[in-house]
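Here is the structure we will look at.
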Amino acid sequence: MVVEGGHIAWVGSEGAADSFADGVDDVLHLEDALVTPAFTDAHVHTTATGLALTGLDLSSAATLADALARVAAHAAARRADRVLLGTGWDATAWPEQRHPTRAELDAATGGRPLYLTRVDVHSALVTTAMLELVPGVTGLDGYAPDAPLTGAAHHAVRAAAHGSLTAAQRTEAQRAALDRAASLGIGSVHECGGPDISSEDDFTGLLRLAAGSEGPRVTGYWAEPVTSAKDAARVRDLGAVGAAGDLFADGSLGSHTAHVHAPYDDAPHGHGAAHLDADAVAAHVAACTEAGLQAGFHAIGDAALTAVTGGVLRAAERLGADRVRAARHRIEHAEMLHEDHIAAFAAHALTASVQPAFDAAWGGEHGMYARRLGAARARTLNPYAALLRAGVPLALGSDSPVTPLDPWGTVRAAAFHRTAEHRISARAAFAAHTRGGWRATGRDDAGTLVPGAPADYAVWRTGELVVQAPDTRVANWSTDPRSGTPGLPDLTPGVPLPVCLRTTVAGRTVYTRPNE
């Protein structure tokens, strides 16, 4: 492979490559390493990811007592911080099966302000001192005296907590996240920002940082409702390619805030939170389509997906289906899909931006999804095979820090879905995590190693290459040399994942593994 001017200029046989050797600036001998397109993580919260990498992350806490001890240690180590920030707690994984009380957190922090998000980032625990920094919070929707904050109360406290960060702290976190991504063979990320998630300064600062330094590309989505050309222009002025990402139609299953038609099994009177109805969705999609801007929504529960697909249909009836399809609008998460939802995705060319690690973490007969919804409903979640059969484009991501940046682990999670009927081939998952991310931004000329494509690639140390597909008949044919199907690393659970040796973006090396 020959790279010139940030793009791939030629791909061919080793013998033919010798003719180029004298005319290039640098030659990289792979020594049996594997070269692939760099991954694209289609849903990331970069600053929050960096804060988890450099600060308090409770995702590995084994018990409630362990979590409280880590909070106390973090408070002792960060005495200069005006507000303590943390993430990752999940009471469903602890033997105590309960979250820390406010009194326990007050004691662990010594009475200091603490903002501590649940692993899904849709609810948060706070200390008394944190509440005192947000006047009127106790009167907002989503506030309860000793329960995780949700809704408007959560958004208000999150804004205050993140507002305590200095510009230097934000930049440090963003660099840490992008460096981590590069070390994992990720060449680009889709930043999902918005007024309920991050500040405009955070969003524009990240885009400037990425544009001015060598590292993964950052494509920005800003989740703000658009109802006019003026609104669309404001989103563009921020540097966003779409008014999409986490424009919330609902919340999350773990926090009981995903909007569901039938009540939660473990909260019989709860249907979650509906943030947008079909009329609001239609207005947003229509305005974005007319402005030539991507629209998108966060939708997890089946009721939220009904509202979103219904709204897209109304916009298509108003503007014409072809115009809506051409805009390539996207839906994030899309977990509780019914057949009619999938048909609507296919009819309107909606990209499903999905996170297979959610199923790996919370799926299965005894996982969090089954506790929230019952085993029968839980088995219907994240139907990737049905989406692909219907022709729905997939883009894979992590929603980091909700689940970690882990591209090969993400491909593995899709190929070995906990519900067998939803599994897709490793090749299809790999394509959705490379080319799929580019296509989700409207580009069809990237994410592959062919002449003319951007020179975004990664070099891997790995074992034998194999072909893995859910249907053994397909797998058997694909491994026949006559099929010409290229192999990928063995992603069978338990087998070590590939190790990234080098990541290149636009022909520039942005990561080299030490001592390699």
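When a residue number appears, it is its place in the shown sequence, counting from 1.
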Can you tell me if [X] uses its side chain to pair, donor with acceptor, with the backbone of [Y] under 3.5 Å?
| X | Y | value |
| --- | --- | --- |
| His284 | Ala243 | yes |
| Gln294 | Ala244 | no |
| Asp246 | Cys192 | no |
| Asp406 | Gly409 | yes |
| Asp490 | Val466 | no |
| Asp456 | Ala506 | yes |
| Thr503 | Ala182 | yes |
| Ser228 | Asp231 | yes |
| Asp250 | Gly301 | yes |
| Glu191 | Thr46 | yes |

Can you tell me how the ring of [X] sits relative to the ring of [Y], calling it parallel under 30°, perpendicular over 60° and tilted otherwise?
| X | Y | answer |
| --- | --- | --- |
| His162 | Tyr115 | perpendicular |
| Trp460 | Phe39 | perpendicular |
| His338 | His341 | parallel |
| Phe203 | Trp222 | tilted |

Is it the case that more than 12 heavy atoms not belonging to [X] sit under 6.0 Å from its [atom1] atom?
| X | atom1 | result |
| --- | --- | --- |
| Asp18 | CG | yes |
| Glu4 | CD | no |
| Arg461 | CZ | yes |
| Asp237 | CG | yes |
| Arg180 | CZ | no |

Answer yes if the ring centres of His43 and His333 are under 6.0 angstrom apart, and no otherwise.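 Under 6.0 Å, so yes.
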State, to 0.1 Å, how close [X] and [Y] come at their nearest heavy-atom pair, and which atoms those are.
| X | Y | value |
| --- | --- | --- |
| Val3 | Ala455 | CG1-CB, 3.6 Å |
| Leu293 | Arg236 | N-NH2, 3.8 Å |
| Val281 | Gly311 | CG1-CA, 3.7 Å |
| Leu209 | Gln174 | CD2-CB, 3.7 Å |
| Pro470 | Arg423 | CG-O, 3.4 Å |
| Ala426 | Val411 | O-CG1, 3.7 Å |

Judged by modelled atom types alone, do Thr492 and Gln468 share a side-chain donor-acceptor pair under 3.5 Å?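 There is such a pair between these side chains.
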Taking atom types as modelled and ignoring hydrogens, do the side chains of Asp57 and Ser59 form a donor-acceptor contact shorter than 3.5 angstrom?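 There is such a pair between these side chains.
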For the [atom1] atom of [X] and the [atom2] atom of [Y], what is their distance to the nearest 0.5 Å?
| X | Y | atom1 | atom2 | result |
| --- | --- | --- | --- | --- |
| Leu184 | Leu405 | CG | CG | 6.5 Å |
| Asp340 | Phe345 | CG | CZ | 11.0 Å |
| Arg325 | His348 | CZ | NE2 | 7.0 Å |
| Asp41 | Thr410 | CG | OG1 | 7.0 Å |
| Arg328 | Thr351 | CZ | OG1 | 7.5 Å |
| Thr87 | Arg118 | OG1 | CZ | 10.5 Å |

Side chain to side chain contact (heavy atoms under 4.5 Å, CB included) between Leu178 and Val189: does it pass, once the steps are laid out? CA-CA 9 Å; Leu178 294 178; Val189 301; 4.3 Å; yes
Looking at side-chain heavy atoms only, is the closest gap between [X] and [Y] below 4.5 Å?
| X | Y | value |
| --- | --- | --- |
| His45 | Pro401 | yes |
| Arg323 | Glu290 | yes |
| Leu497 | Leu491 | yes |
| Leu396 | Val354 | yes |
| Val402 | Gln355 | no |
| Asp399 | Glu332 | no |
| Leu247 | Pro225 | yes |
| Phe248 | Ile197 | yes |

Quick one: do Arg513 and Val459 satisfy side chain to side chain contact (heavy atoms under 4.5 Å, CB included)? Show the steps, please. CA-CA 10 Å; Arg513 184 174 172 83; Val459 180; over 6 Å; no
Do Arg330 and Tyr221 meet the cation-pi criteria used here (NZ or CZ under 6.0 Å from the six-membered ring centre, within 45° of the axis)?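 Output yes; distance and angle both within limits.
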Leu381 and side chain to side chain contact (heavy atoms under 4.5 Å, CB included): which single residue from Asp359, Leu253, Thr419 fits?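 Among the candidates, only Leu253 passes.
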Knowing that exactly one of Ile342, Thr380, Ile331, Thr309 qualifies, which makes a side chain to side chain contact (heavy atoms under 4.5 Å, CB included) with Leu337?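 Between Leu337 and the candidates, side chain to side chain contact (heavy atoms under 4.5 Å, CB included) is satisfied uniquely by Ile342.
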Report the C-alpha distance between Val495 and Arg412 in whole Å, list the side-chain angles of each, state the deciding distance to 0.1 Å, and finish with yes or no for side chain to side chain contact (heavy atoms under 4.5 Å, CB included). CA-CA 10 Å; Val495 174; Arg412 170 186 279 172; 4.2 Å; yes
Hey, mind stepping through His329 and Thr289 against side chain to side chain contact (heavy atoms under 4.5 Å, CB included) and telling me if it holds? CA-CA 9 Å; His329 303 309; Thr289 302; 2.8 Å; yes
Just one of His433, His417, His422 clears the ring-ring contact (aromatic ring centres under 6.0 Å, His included) bar with Tyr384, so which one?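 Testing each of His433, His417, His422 against Tyr384, the sole residue satisfying ring-ring contact (aromatic ring centres under 6.0 Å, His included) is His417.
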